[in-house]
Amino acid sequence: MTRDTRFSALAADTRWQAAWDADNSFATPDIMRSDNDRPKAYILEMFPYPSGRIHMGHVRNYAMGDVLARFKRMTGHDVLHPMGWDAFGMPAENAAMEKGVHPGGWTRDNIASMRAQLKRLGLAFDWDRELATCEPDYYGQEQALFLALYEAGLVYRKESFVNWDPIDMTVLANEQVIDGRGWRSGALVEKKKLSQWFLKITDFAEELLHGLDTLDKWPDKVRLMQENWIGHSKGLQFSFKLTGSSDGFDVFTTRPDTLFGASFAAISPDHPLAAKLAANAPQLAEFIADCRRQGTSAEQLETAEKRGFDTGLTVEHPLDPNWHLPVWVVNYVLMDYGTGAVFGCPAHDQRDLDLARKYGLPVHRVIADGDHVAQVYESDEAYVGGGKLVNSHFLDGMSVDEAKAAVIARAEHQGWGKGTTVWRLRDWGVSRQRYWGTPIPFIHCDACGTVPVPSNQLPVVLPEDVDFSVPGNPLDRHATWKHVDCPSCGGKAVRETDTLDTFVDSSWYFLRFASAPADKPFDPDVIARWLPVDQYIGGIEHAILHLLYARFWTRALERLGMINVKEPFASLFTQGMVTHETYSRVQGEGLPPIFFAPTDIDRTGDGATLKADGSSVDVGRVIKMSKSKKNVVDPDNILEQYGADAARWFMLSDSPPERDLPWSEAGIEGAWRFVQRLWRVFGETQNLGDSAEDKALARKLHQAIAGIAMDIEALSFNKAVAKVHALTNDIEKSKPSATRAEACRTLILLVAPMMPHLAEEAWSELPDSQRTAHLVAHAAWPVVDAALLVDDEVTIAIQLGGKLRDTMTMAKGADKADVEAAALARPKIAEMLAGATPKKVIVVPDRLVNIVA
RNA sequence: GCGGGCGUGGCGGAAUUGGUAGACGCGCUGGUUUUAGGUACCAGUAUCGUGAGAUGUGGGGGUUCGAGUCCCUUCGCCCGCACCA
C-alpha cells in the first residue's frame with residue numbers, strides 16, 4: 001500500500017467524524033450500571049448563546065474541553081461531555097424587530113447551523129444529551145423548579161427600578177442605554193418602579209461566602225471577586241434623630257471611627273424620607289427626577305459627578321446632641337445597600353470629599369496621616385489609610401480598629417446604635433419584561449391575588465403568534481394568551497407576562513445534562529453520581545454573575561432536598577479571549593474610522609494593504625475579535641483551508657489557556673505545517689532500522705508521556721504542545737530503531753486528544769497487532785515506564801557571587817561535598833578565585849553551586 | 001469610581017514555584033533540494049561589544065549568597081459592576 005506524502009485533512013475530517021458517529025464513540029456510559037467501578041469525569045464548557053455562527057472564542061473553549069474529555073476517556077474514565085444552547089435572550093427579539101423573523105425560528109435556525117459547525121471541529125460531545133433552554137421540555141422543568149423555590153419561600157415580589165424608555169415605552173437592558181439614552185429612540189432614559197420577581201439569594205450570602213473555601217480548584221481571583229461581590233462587612237448601624245422632631249432615619253457605616261469627622265448626613269434619592277420631602281419641595285423633586293435619569297448601573301452612579309441637594313433639615317450628632325448636621329440628598333448613596341443613608345466624613349472618604357468641596361461643606365481630619373494632624377483638611381484627596389485618631393475626643397490616640405470597637409461599644413451601651421453585619425449582595429431580580437424567555441408560572445387574580453400555576457398545568461408555553469411591530473412585551477398585549485381562569489377560584493384572571501432572566505436558564509443546565517427525564521427536572525440518584533462537574537471551562541467574564549447564580553441555585557435545590565450537592569463546579573478554569581489585530585483607515589475629522597476584515601487585507605512586513613486596490617491601511621492594536629471592529633476570523637474558512645486538527649492545534653499552542661490568544665495567519669499556517677510533519681513521522685512506525693534499542697530516545701519518550709499527561713490534566717495545553725514538538729524533534733533527529741518506531745506509534749496516542757482526525761488516520765494504518773482498539777478514540781493512554789523518567793546525569797551551574805561562570809556535568813544525587821570540590825577544581829573557577837578562599841559556598845543538590853568570594 | 005487580573009527577545013510564550021532567563025513555536029537571515037512558487041531540509045537568531053565581557057523579565061526602590069518569581073512604589077493594558085450572554 002502506498003502512502004500519500006500529504007495528509008488530506010478535509011477527507012480525514014469527514015471520514016473520522018462519520019466513523020465516530022456510526023460507532024457512537026462519545027455516548028455517555030450508563031453511570032448507574034451495577035458493575036461500574038470506573039471513575040467519572042464530567043467535563044463541561046459553558047454552553048453558547050446561539051448567535052448564528054461560532055467564533056474563534058468558542059473554538060478555543062470547546063477545543064480545550066474536548067482535549068480533556070478525550071484524555072479522560074483514554075485514561076479509563078466514564079466521561080460526560082455534553083453540549084447545548086443558552087437559547088433565550090434579547091438578540092432573538094432584536095432580530096425579530098429588525099428583520100421581521102420569529103425569535104423561535106431565528107434561534108432554531110442558528111442552533112442548526114452552529115451545531116453543524118461544532119461537528120466539523122470533531123468535538124467529542126454526546127449529542128444525544130443536547131438541550132436548548134428555549135424548548136418547553138427544558139423551560140417547563142425550570143418553571144417546576146421555580147415553583148418549588150416559591151413553595152420554600154425563596155421567591156417573592158417587590159417594587160424595583162428598571163431603565164424606562166419613555167418614547168419606545170419599553171424597559172431597556174443596561175447595554176441598551178448609551179450615554180443615558182435609549183439605543184433606538186435616543187430618549188433620555190428614566191428609572192421607573194415596577195413590581196418584579198426576586199430570588200432570595202441573600203438568604204445564602206453566608207453559605208455562598210463560606211462555600212468559596214471549599215472550592216480549592218477554582219482560580220483565586222474568581223473566589224476573591226465573588227467574596228468581594230458578596231461583600232461581607234461589619235459596621236455600626238445607628239439612628240439619626242431629626243432636630244426638633246421625634247422622627248429620624250437609620251444609617252449604616254463601616255467607619256464608625258470617623259464619626260467625629262462627620263459634616264453631613266446623606267440619604268439616597270430613593271430613600272422614603274427624600275420622597276416625603278419632595279412632595280412639598282418642587283426643587284428637590286426635580287433633583288430626584290434628575291438623579292433617576294442617571295440610569296441604574298452601579299458604574300454610572302459611581303462615575304457620575306457627585307451631586308447633592310440640601311434639604312434644610314438637620315440631625316443631631318449621636319455623640320453630641322448640640323452638634324447638628326445638615327441632611328443632604330446625594331446621587332451616590334444606593335438605596336439597595338445598608339439602610340440607604342450614610343453620614344458623610346469628607347476627610348476620609350473620596351466621594352464625600354468631592355461633594356464637600358463642591359458645596360463648601362466642612363472637612364475635618366480625624367485620622368492622623370503621619371505628621372498631619374490638623375483638624376482643617378486641605379487636600380482634595382481623601383485619606384483612607386490607617387493611623388491614630390485625632391480631633392476625636394475620647395477616641396484620640398486609638399487606632400482605627402480600636403476606635404471602631406469603642407464607638408460601637410458606646411453606641412450599644414447608650415442604646416443609639418449597634419454593631420451590624422451587612423452584605424453587599426442583593427436579592428436577584430429575575431423579572432424581564434420580554435417575550436423570549438421562560439414564562440414565570442404565576443396567575444394574577446383580583447380575588448385571590450398572585451397564584452402559582454398548578455403543576456399539572458405546566459409547562460406554561462410561550463405563544464407562537466406574537467407581534468414585534470411595536471415595542472414592549474408582546475406577551476403583555478397578546479389577545480388571548482394572558483387571559484386565563486384563576487386556578488384557585490375559577491374566576492377571570494391574567495397570566496404573569498414577565499419572563500425569567502436567562503441567567504436562571506444557565507443556573508441548572510448542568511443538572512439537566514446529567515439527567516433529563518421527561519416527567520421531572522432530573523433524577524436525584526443520577527445527579528448524585530455525576531455531579532459535581534469535574535472541570536468547568538468558560539470565560540472570565542462570567543466570574544461573578546453566572547457562577548454565583550449557579551452556585552446559589554444548586555444550594556437552594558440542595559436545601560429543598562432535591563439534590564445532594566452544594567457546589568456545582570468542583571474545578572473551574574477561565575480561558576482567555578481570542579484576539580486579532582485591527583485594520584482601519586481614518587475617514588476625516590469627526591468621523592469614525594472604517595475597519596477592514598482580515599480577509600480583505602494583505603499583510604506585508606510591518607504594514608498592511610487592501611487586497612482590492614493595494615492602498616495601505618493602518619494596523620491597529622490586537623483586541624478581542626468583534627464584529628464592530630471587523631477583526632473576526634470565520635472558523636468555517638479555516639476548517640476548509642486547514643482542517644479541524646490544525647485549527648484545534650493552533651488554539652492550544654503557545655498562549656497559556658487562561659490568557660488571550662492572538663490569532664494570526666502565520667500561526668495557523670505553522671500549525672498546519674506541523675500536522676503535515678507529524679504525518680510524515682507517522683509514516684515511520686514500521687521502520688525498525690538496524691538497532692533494537694535507543695535508550696536516550698526511550699527516556700525522552702517516557703518523559704514526554706508523563707509530562708504531556710500532567711500538562712493536559714493541568715489544562716496547560718501550550719506546554720503539552722511544546723512537549724509534543726520537542727519529542728517530534730527528538731524522533732526526527734534519532735536513527736531508525738525499534739525504539740524509534742515505537743516512539744512514532746506512541747506519538748499517535750499522545751496527540752490523539754488534540755488532533756483526533758490525524759491520529760485516527762495514522763492509527764488506521766497500523767497493523768492490528770499494534771492497535772489496542774479499532775479506533776484511537778477507544779485506545780488507552782500509553783503506560784509510563786517510571787525507571788526511564790529520571791536522567792542519571794545532571795548539569796550543574798557554577799556561580800560566583802550569583803553570576804553564572806561555568807557549568808559541569810555530574811552524576812545525579814552526587815554528594816554536596818563532592819559537588820563543591822568539583823566546582824572549586826574547575827580551571828575557570830580556580831583562575832577567577834585566584835587562590836582566595838571563598839567566604840561561603842552554597843550547594844543546591846543537582847542544581848547549582850554558588851561561591852561567595 | 002469600586003473589585004479583580006496581566007506586563008519576559010521582532011511576536012506568542014517557557015522557567016521544576018527563590019536556584020543556569022529566553023524551552024517550544026512563529027517570524028526573520030543565510031544555505032541545500034525543487035522547472036518555479038509553496039513544501040521539505042541544514043545553520044543562525046535577546047541586546048551592546050571585534051573580544052574578554054557587560055546588560056537584560058514595563059519603570060524606580062528593597063529583602064537575599066542568589067529575584068522573572070517575595071516586599072514597597074509607579075506606569076500601561078484588560079475583565080466585571082447586578083436587565084448582554
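When reading the values below, keep in mind they use all heavy atoms of this one structure, side chains included, and skip hydrogens, waters and symmetry mates. We name chains A, B, ... by the order of the sequence lines, and we start the count at 1 in each one.
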Worksheet item: Looking just at side-chain N and O atoms, do A:S185 and A:D165 make a donor-acceptor pair shorter than 3.5 Å?
Response: yes

Practice prompt. Give A:S431 one of three labels, base, sugar-phosphate or nothing, depending on what nucleic acid heavy atoms sit under 4.0 Å from its own.
Written response: base

Discussion item. Which nucleotide wins on minimum distance to the side chain of A:V844, given the candidates B:C78, B:A23, B:G19?
Written reply: B:G19

Worksheet item: How many Å lie between CD1 on A:I668 and C1' on B:C11, as a whole number?
Response: 17 Å

Item to complete: Check if the side chain of A:N228 and the base of B:G3 share a donor-acceptor pair of N or O atoms closer than 3.5 Å.
Response: no

Worksheet item: Whole-Å distance between B:G25 P and A:E732 CD?
Response: 10 Å

Item to complete: Would you classify A:D336 as touching base, sugar-phosphate or nothing, given that sugar-phosphate means primed atoms plus P, OP1 and OP2, and contacts are heavy atoms under 4.0 Å?
Response: nothing

Worksheet item: Under a 90° cut-off about 0 for the syn range, is B:U73 syn or anti?
Response: anti

Discussion item. For B:G38 and A:R6 - does any side-chain N or O of the residue sit under 4.0 Å from the phosphate oxygens OP1/OP2?
Written reply: no

Worksheet item: In the structure shown, which nucleotide is the Watson-Crick or G-U wobble counterpart of B:A52, with both distances under 3.5 Å?
Response: none

Discussion item. Does B:G25 have its OP1 or OP2 closer than 4.0 Å to a side-chain nitrogen or oxygen of A:N729?
Written reply: yes

Discussion item. Counting only side-chain heavy atoms from C-beta out, which of B:U39, B:G25, B:C83 sits nearest to A:R673?
Written reply: B:U39

Practice prompt. Tell me whether the guanidinium CZ or amine NZ of A:R223 lies under 6.0 angstrom from the six-membered ring centre of A:W218 and within 45° of its axis.
Written response: no

Worksheet item: Does the base of B:C84 carry an N or O that pairs as donor and acceptor with the side chain of A:E541 under 3.5 Å?
Response: no

Discussion item. At less than 4.0 Å, is any side-chain N or O atom of A:N718 found next to OP1 or OP2 of B:C24? Yes or no.
Written reply: no

Worksheet item: Counting any heavy atom closer than 4.0 Å, what does A:Q676 reach on the DNA or RNA strands: base, sugar-phosphate only, or nothing?
Response: nothing

Practice prompt. For nucleotides B:C26 and B:A40, find the distance between their P atoms and express it as a whole number of Å.
Written response: 9 Å

Item to complete: Using a heavy-atom cut-off of under 4.0 Å over every strand shown, decide if A:H546 touches base, sugar-phosphate, or nothing.
Response: nothing

Worksheet item: Which listed nucleotide (B:G12, B:G4, B:C83) is nearest to the side chain of A:R434?
Response: B:C83

Fill in: Residue A:I540, side-chain heavy atoms: nucleotide from B:C79, B:C84, B:A85 that is nearest
B:C79

Fill in: Pairing partner of B:G7 (Watson-Crick or G-U wobble, both distances under 3.5 Å)
B:C75

Worksheet item: Base, sugar-phosphate alone, or nothing: which one does A:L425 contact when heavy atoms must sit under 4.0 Å apart?
Response: base

Worksheet entry | Whole-angstrom distance between B:A21 and B:U69, as gauged at atom P | 14 Å

Item to complete: Answer with base, sugar-phosphate or nothing: what part of the nucleic acid does A:G231 contact at a heavy-atom distance below 4.0 Å?
Response: nothing

Item to complete: Please measure how far the P atom in B:C42 lies from the corresponding atom in B:G18, and state the result in whole Å.
Response: 38 Å

Item to complete: Among B:A82, B:C65, B:G53, find the nucleotide with the atom closest to the side chain of A:N174.
Response: B:A82

Fill in: Pairwise C1' distance, B:C84 and B:G76 [rounded to whole Å]
28 Å

Discussion item. Taking B:G37 as the reference, what is the distance to B:U29 when you measure between their P atoms (whole Å, please)?
Written reply: 15 Å

Item to complete: Tell me whether the OP1 or OP2 atom of B:G3 has a side-chain N or O from A:K221 closer than 4.0 Å.
Response: no

Fill in: Touch class at under 4.0 angstrom, heavy-atom based, for A:P656 against every strand present
sugar-phosphate

Worksheet item: Applying a 3.5 Å limit to both distances, which nucleotide forms a Watson-Crick or G-U wobble pair with B:G1?
Response: B:C81

Fill in: Separation of atom CZ in A:F198 from atom C1' in B:A82, rounded to whole Å
10 Å

Practice prompt. Please work out if A:A543 contacts a base, only the sugar-phosphate, or nothing of the nucleic acid, heavy-atom cut-off 4.0 Å.
Written response: nothing

Discussion item. Base, sugar-phosphate or nothing for A:V162? Non-hydrogen atoms, less than 4.0 Å.
Written reply: base

Item to complete: Remember a base hit wins even if backbone is also touched, and classify A:K803 as base, sugar-phosphate or nothing at under 4.0 Å, heavy atoms.
Response: sugar-phosphate

Worksheet item: Hey, are A:R184 and A:Q176 close enough side-chain-wise for a donor-acceptor pair under 3.5 Å?
Response: no

Worksheet item: Which whole number of Å gives the distance between the C1' atom of B:U64 and that of B:G12?
Response: 33 Å

Fill in: A:R805 side chain near B:A54 phosphate (N/O to OP1/OP2, under 4.0 Å)
yes

Discussion item. Does B:C79 have its OP1 or OP2 closer than 4.0 Å to a side-chain nitrogen or oxygen of A:R659?
Written reply: no

Worksheet item: B:C83 base to A:Q196 side chain: any donor-acceptor pair below 3.5 Å?
Response: yes

Response to the item:
Of all heavy-atom pairs linking A:N228 and A:R424, the shortest is O-NE, 3.4 Å

Item to complete: Looking only at side-chain atoms of A:M90, point me to the closest of B:A85, B:U20, B:G4.
Response: B:A85

Worksheet item: Can you list every pair that meets side-chain hydrogen bond (donor to acceptor under 3.5 Å, both in side chains) and has a residue in residues 666-683 of chain A, with sequence neighbours left out?
Response: A:Y642-A:E669, A:R677-A:N729, A:R677-A:E732

Fill in: Sugar-phosphate, base or nothing in reach of A:N850, heavy atoms under 4.0 Å
base

Response to the item:
Against the side chain of A:L804, the closest entry in B:C26, B:C83, B:U20 is B:U20

Item to complete: Report yes if some heavy atom in the side chain of A:I54 is under 4.5 Å from a heavy atom in the side chain of A:Y62; otherwise report no.
Response: no

Discussion item. Rounding to an integer number of Å, can you tell me how far A:R677 CZ sits from B:C24 P?
Written reply: 11 Å

Discussion item. Suppose we define a pair by two distances each less than 3.5 Å, Watson-Crick or G-U wobble; what does B:U17 pair with here?
Written reply: none

Item to complete: Could you check whether A:T807 gets within reach of a base, just the sugar-phosphate, or nothing at all, counting any heavy atom under 4.0 Å?
Response: base

Worksheet item: Is the distance between the ring centroids of A:W553 and A:F503 less than 6.0 Å?
Response: no

Fill in: C1' gap between B:U63 and B:C72, integer Å
11 Å

Fill in: Separation of atom CE in A:M225 from atom C1' in B:C78, rounded to whole Å
11 Å

Worksheet item: Have A:D86 and A:S506 got a donor and an acceptor in their side chains that come within less than 3.5 Å?
Response: no

Worksheet item: Can you check the A:R424 CZ to B:G3 C1' distance for me, whole Å?
Response: 8 Å

Fill in: Any side-chain donor near an acceptor of the partner, A:Q433 and A:N473, under 3.5 Å
no

